[in-house]
*Asks:* 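This structure is in structure tokens; I'll ask about it shortly.
Residue numbers run from 1 in the order of the sequence given.
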Amino acid sequence: MGAARGAALRAGALGLLLLAAGACYCLWRRAAGGGRRGRRGPGASAGGGREAPCGPPSVLTDNHPPKSPHTMDADDLQKLIHLLQSTDDPLIQEQALITLSNSAAFSVNQDIIRNLDGLSIIGRVLSDCIPRVKEKALNALNNLSMNIKNQKEIQVYIMQVCKDIESAPLNSDLQLAGLRLLTNMSVTSDYHHMMINSIPCFLHLLSEGNERTQIQVLKVLVNLSVNPAMTRHILRAQVPSLLLLFDNCINRDILLRALMFAANLKKNVSNEDGTMLQNWYSEDSVFFTLCGDSTPFAQKLASLLHHPDTEVKEQVVKILTQ
């Protein structure tokens with residue numbers, strides 16, 4: 001009898017979650033309308049820009065959650081948060097996190113979830129050993145991080161997210177989910193200092209990852225490179241294959257972000273008035289590759305002046321004239 005009752009409760013909970021998820025998605029489609037037509041390109045800002053919310057809804061016209069009164073109300077969200085808190089069933093956890101993540105695409109719900117202590121409850125799931133559950137928690141926090149007040153609470157998980165990125169399988173969905181969250185959390189310099197120890201990991205992923213991983217880690221690195229306080233930490237790191245990214249045959253999104261990364265670093269170095277000496281850095285450091293007397297890098301830039309993409313050529317000129 002107990003097993004049968006448990007199965008019935010589980011089925012009922014899943015039914016509620018699926019209905020809530022479907023309703024949330026349909027309402028988002030109504031609110032977002034034809035939003036897929038106005039997607040921004042990768043060079044929208046020198047800092048790399050914010051991430052769009054994860055999962056359906058996934059693409060927004062202006063990289064900001066739609067504002068609509070037609071969303072799940074506070075009672076529904078409270079039930080979902082309580083369900084997430086009270087169950088250790090990974091299937092129910094996944095569905096609850098997906099629904100909360102979709103709900104967080106509405107700006108009004110971002111505040112409601114925070115006020116219901118939802119951020120800490122979702123954050124506790126990051127200690128879960130099941131990768132797919134942890135990934136869904138990261139996706140939910142990513143959508144919720146598009147809110148300044150939420151970021152102040154989410155910051156406590158940054159170092160744990162960095163560790164998860166380093167330990168996750170290369171190019172895995174879990175690794176990408178962590179990088180997406182760090183992209184949003186690094187839009188301002190407030191939390192950059194928490195990512196310093198992970199810079200070698202980021203550069204390793206840039207060297208070893210596939211194109212999806214390279215693009216995502218470059219978004220984080222571009223955001224970090226804007227901050228002069230991070231320059232020395234980045235320049236002393238080692239990444240032997242960095243020059244391979246500056247090539248005409250490289251994916252345009254990767255190339256453009258790599259150039260933005262280099263331009264930010266060179267700008268910060270030039271503003272140091274000569275105080276950054278070459279003998280502070282090893283010969284295989286980022287500094288020697290991009291900012292030292294690097295003939296190979298100069299040759300790469302000269303070749304890229306003939307690239308067909310205007311934004312690529314603009315970034316090359318920016319680097320050459322600094």
Side-chain angles (χ1 to χ4, degrees), residues 24 28 32 40 42 44-45 47-67 71-72 77 80-81 84 96-128 133-165 168 173-196 198 202 215-224 226-227 230:
C24 184
W28 169 79
R40 287 185 175 180
S45 70
R50 283 195 181 277
E51 284 294 286
C54 299
S58 60
V59 181
L60 303 174
T61 56
D62 59 355
N63 286 340
H64 290 283
K67 296 180 180 179
T71 59
M72 297 177 68
L77 291 170
L80 280 171
I81 292 169
L84 178 63
L97 288 165
I98 290 171
T99 307
L100 286 168
S101 180
N102 290 345
S103 300
F106 297 90
S107 57
V108 63
N109 285 345
Q110 294 170 5
D111 292 323
I112 293 173
I113 292 171
R114 181 186 68 253
N115 293 333
L116 292 172
D117 199 30
L119 295 176
S120 63
I121 292 170
I122 295 171
R124 291 187 200 118
V125 181
L126 295 180
S127 61
D128 199 292
V133 175
K134 188 180 295 188
E135 176 207 338
K136 301 304 187 296
L138 287 168
N139 287 340
L141 290 176
N142 178 50
N143 286 357
L144 288 162
S145 70
M146 300 178 76
N147 176 307
I148 297 300
K149 290 183 179 179
N150 286 354
Q151 285 194 358
K152 292 179 180 179
E153 294 192 23
I154 294 172
Q155 64 162 312
V156 300
Y157 305 111
I158 287 178
M159 291 185 178
Q160 181 178 349
V161 172
C162 289
K163 291 179 182 178
D164 289 339
I165 290 170
D173 289 338
L174 176 59
Q175 192 172 71
L176 289 168
L179 289 169
R180 282 193 293 267
L181 175 56
L182 292 189
T183 300
N184 277 352
M185 295 300 294
S186 62
V187 168
T188 68
S189 61
D190 294 346
Y191 313 114
H192 284 184
H193 62 284
M194 298 181 182
M195 306 180 198
I196 288 174
S198 293
F202 298 153
I215 290 172
Q216 202 60 58
V217 78
L218 274 168
K219 290 180 181 181
V220 178
L221 287 170
V222 169
N223 286 348
L224 296 180
V226 173
N227 183 0
M230 298 296 290

*Asks:* For the atom pair OG1 (T183) and CD1 (I215), what is the distance rounded to the nearest 0.5 Å?
*Replies:* 11.5 Å

*Asks:* Can you check whether M146's main-chain N or O pairs, donor with acceptor, with N184's side chain at less than 3.5 Å?
*Replies:*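 The answer is no, because no donor-acceptor pair under 3.5 Å joins these two groups.
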
*Asks:* Checking D164 now: which residues fulfil side chain to side chain donor-acceptor pair (under 3.5 Å) with it, not counting sequence neighbours?
*Replies:*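 Result, side chain to side chain donor-acceptor pair (under 3.5 Å) vs D164: none returned.
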
*Asks:* How long is the straight-line distance from NZ of K136 back to CD1 of I122, given to the nearest 0.5 Å?
*Replies:*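 If we round to the nearest 0.5 Å, I122:CD1 and K136:NZ are 14.0 Å apart.
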
*Asks:* Rounded to the nearest 0.5 Å, what separates atom CD1 in I98 from atom CG in L80?
*Replies:*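 If I round to the nearest 0.5 Å, the distance is 12.0 Å.
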
*Asks:* May I have the step-by-step check of side-chain contact (heavy atoms from CB on, under 4.5 Å) for I154 and L181, ending in yes or no?
*Replies:* CA-CA 10 Å; I154 294 172; L181 175 56; 4.3 Å; yes

*Asks:* Less than 4.5 Å apart, any side-chain heavy atom of V161 and any of L182?
*Replies:*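 Yes - at least one pair of side-chain heavy atoms lies under 4.5 Å apart.
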
*Asks:* Which atoms form the tightest heavy-atom contact between L100 and I81, and what is the distance?
*Replies:*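 What the structure gives for the nearest pair is CD2-CG1, 4.0 Å.
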
*Asks:* So, taking the atom named CE in M230 and the one named CG in L224, what distance separates them when rounded to the nearest 0.5 Å?
*Replies:* 4.5 Å

*Asks:* Could you walk me through whether F106 and M72 pass the side-chain contact (heavy atoms from CB on, under 4.5 Å) test, one step at a time?
*Replies:* CA-CA 9 Å; F106 297 90; M72 297 177 68; over 6 Å; no

*Asks:* Counting N and O atoms only, with roles assigned by atom type, does the side chain of H192 sit under 3.5 Å from a partner on the main chain of S186, one being a donor and the other an acceptor?
*Replies:*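 A pair under 3.5 Å: yes.
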
*Asks:* Would you mind listing every salt bridge (charged side-chain N to carboxylate O under 4.0 Å, His left out) that reaches into residues 101-122, with sequence neighbours excluded?
*Replies:*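 The answer is D111-R114.
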
*Asks:* Looking only at non-hydrogen atoms, find the nearest pair between K134 and L126 and report the distance.
*Replies:* CE-O, 3.0 Å

*Asks:* Are S145 and N150 close enough that a side-chain donor and a side-chain acceptor fall under 3.5 Å?
*Replies:*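 Note: S145 and N150 side chains miss the donor-acceptor criterion.
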
*Asks:* Would the distance check show the side chain of E135 and the main-chain N or O of D173 forming a donor-acceptor pair, the cut-off being under 3.5 Å?
*Replies:* no

*Asks:* Please examine the side chains of M195 and M185, heavy atoms only from C-beta on, and report whether any two atoms are closer than 4.5 Å.
*Replies:*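 A side-chain contact under 4.5 Å exists here.
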
*Asks:* Kindly compute the distance separating CD1 (I196) from CE (M194), expressed to the nearest 0.5 Å.
*Replies:* 10.5 Å

*Asks:* Between L144 and L119, what is the shortest heavy-atom contact and its length?
*Replies:* CD1-CD2, 3.6 Å

*Asks:* Measure from the side-chain N and O atoms of N143 to the backbone N and O of S101, and report whether any donor-acceptor pair falls under 3.5 Å.
*Replies:* yes

*Asks:* Passes side-chain contact (heavy atoms from CB on, under 4.5 Å), I165 versus S198? Steps please.
*Replies:* CA-CA 9 Å; I165 290 170; S198 293; over 6 Å; no

*Asks:* Would you compute the distance between atom OH of Y157 and atom CG of L138 and round it to the nearest 0.5 angstrom?
*Replies:*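 Between Y157 OH and L138 CG, I get 11.5 Å after rounding to 0.5 Å.
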
*Asks:* Provide the full list of salt bridge (charged side-chain N to carboxylate O under 4.0 Å, His left out) pairs with a residue in residues 138-158, sequence neighbours left out, each pair given once.
*Replies:* none

